[in-house]
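Below is one structure, written out as structure tokens, with a few remarks after it.
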Amino acid sequence: MLDIIQAAGWPIWLLVATSVVTLAIIIERFLALRTSQIMPSGLPEQVLELMRRQQDEPDAILRLARRSPMGRILAEVAAQRQQDEAWRLSAIEDTGRDVSWRLNRYLPTLATISVIAPLLGLFGTVVGMIEIFGAYTPNSGDPGLLAHGISIALYNTGFGILIAVPALAFHRYFRSRVDYFTHTMEREAGALNRLISRRNAS
């Protein structure tokens, strides 16, 4: 590996740093976007049971909000149960936007990496081409310098693509998971809100 880095020249270090950031984001998002972390099993039923038993005091709601993003949204619905529906919907939407922002954290960075990694590889290619032309003279050329320039060009191009492809793939994957989580939380919050509206109307 060190031989490859040495053959690829100094531009490869930009791509190495980019690959480290990419790997760190992928691992962090895999851990953060687990279903058990976002939407614990049976949580909507627990909220309904708390409300049925009239045990939805502020302390219980606060504990619920701390458990997960879905818990935070459902806790907001329960906390605003005495307000009129327009107020309650506004509060739910505000909380939902903040939860959505947190779920999408680092994904724009991953998308940016998928775009700039090939450009960094292209930069390395340009550096390699410069070395190739610098080593060439009409009368003679150093084969070692020519080979080194070609290595810089090819390794950087390949490594840039190697980083960009998984970065783009994982960005799409994580975005689809966030969309699924957001849709499910909106559905559960809407169902709880309608139940509260019916209770307040009766």
Side-chain angles (χ1 to χ4, degrees), residues 1-40 65-73 93-137 141-186:
M1 185 64 182
L2 290 177
D3 291 339
I4 293 176
I5 292 176
Q6 184 176 4
W10 65 267
I12 198 69
W13 289 107
L14 299 173
L15 289 166
V16 169
T18 303
S19 68
V20 171
V21 173
T22 302
L23 183 60
I25 292 174
I26 290 172
I27 293 173
E28 191 277 339
R29 288 290 87 187
F30 259 124
L31 296 175
L33 294 178
R34 290 175 294 172
T35 302
S36 60
Q37 292 287 105
I38 306 300
M39 303 184 305
R66 288 174 176 171
R67 288 188 59 186
S68 64
M70 176 178 274
R72 185 180 171 195
I73 291 177
E93 288 173 358
D94 288 343
T95 303
R97 279 192 292 270
D98 185 62
V99 168
S100 178
W101 178 84
R102 292 177 184 275
L103 293 179
N104 281 288
R105 186 168 53 179
Y106 304 131
L107 296 190
T109 303
L110 204 57
T112 302
I113 288 172
S114 71
V115 173
I116 67 170
L119 296 178
L120 291 175
L122 180 61
F123 171 72
T125 302
V126 172
V127 172
M129 296 299 292
I130 290 172
E131 292 214 8
I132 291 173
F133 284 112
Y136 176 78
T137 60
D142 188 338
L145 290 177
L146 289 172
H148 182 61
I150 293 171
S151 295
I152 292 177
L154 295 180
Y155 277 128
N156 280 275
T157 301
F159 204 49
I161 296 172
L162 187 63
I163 295 171
V165 170
L168 180 59
F170 279 108
H171 173 261
R172 296 290 178 86
Y173 170 72
F174 291 137
R175 278 297 303 273
S176 68
R177 286 189 65 80
V178 169
D179 290 343
Y180 165 71
F181 290 142
T182 302
H183 170 74
T184 305
M185 288 187 286
E186 286 177 352

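- Within a 6.0 Å sphere centred on CZ of F30, heavy atoms belonging to other residues, nucleotides or ligands number more than 12.
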### Task
Take T184 and M70 through the side-chain contact (heavy atoms from CB on, under 4.5 Å) test and state the conclusion after the steps.
CA-CA 9 Å; T184 305; M70 176 178 274; 4.1 Å; yes
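- Rounded to the nearest 0.5 Å, atoms OG1 (T35) and OH (Y180) are 6.0 Å apart.
- Shown here for A32 and Q37, the closest heavy-atom pair between the two residues is O-CB, 4.0 Å.
- Considering all non-hydrogen atoms of both residues, S114 and A164 come closest at O-CB, 3.5 Å.
- Closest of all the heavy-atom pairs between I73 and G96 is CD1-CA, 4.2 Å.
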### Task
Using the side-chain contact (heavy atoms from CB on, under 4.5 Å) rule, take F159 and L162 through it: C-alpha gap first, then chi angles, then the decisive distance, then the call.
CA-CA 5 Å; F159 204 49; L162 187 63; 4.0 Å; yes
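- The OG1 atom of T22 sits 6.0 Å away from atom CG of L110, with the distance rounded to the nearest 0.5 Å.
- To the nearest 0.5 Å, the span separating CD1 on I113 from CD1 on I26 amounts to 8.5 Å.
- For S100 (side chain) and R97 (main-chain N/O), no donor-acceptor pair under 3.5 Å exists by modelled atom type.
- Under the rule for a salt bridge (Lys or Arg N to Asp or Glu O under 4.0 Å), D179 has no partner lying at least two apart in sequence or in another chain.
- The shortest distance between side-chain heavy atoms of I38 and M185 falls below 4.5 Å.
- Closest approach of S19 and I163 over heavy atoms only: CB-CD1, 3.7 Å.
- Within the 3.5 Å criterion, the main-chain N or O of L103 finds a donor-acceptor partner in the side chain of R29.
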### Message
I'd like to know whether V127 forms a side-chain contact (heavy atoms from CB on, under 4.5 Å) with N156, so could you lay out the CA-CA distance, the side-chain angles of the two residues, the decisive distance to 0.1 Å, and finally the verdict.
### Response
CA-CA 10 Å; V127 172; N156 280 275; over 6 Å; no
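- Atom CD1 in I116 sits 13.0 Å away from atom CZ in F123 (nearest 0.5 Å).
- For residues 152-178, no pair satisfies salt bridge (Lys or Arg N to Asp or Glu O under 4.0 Å), with sequence neighbours left out.
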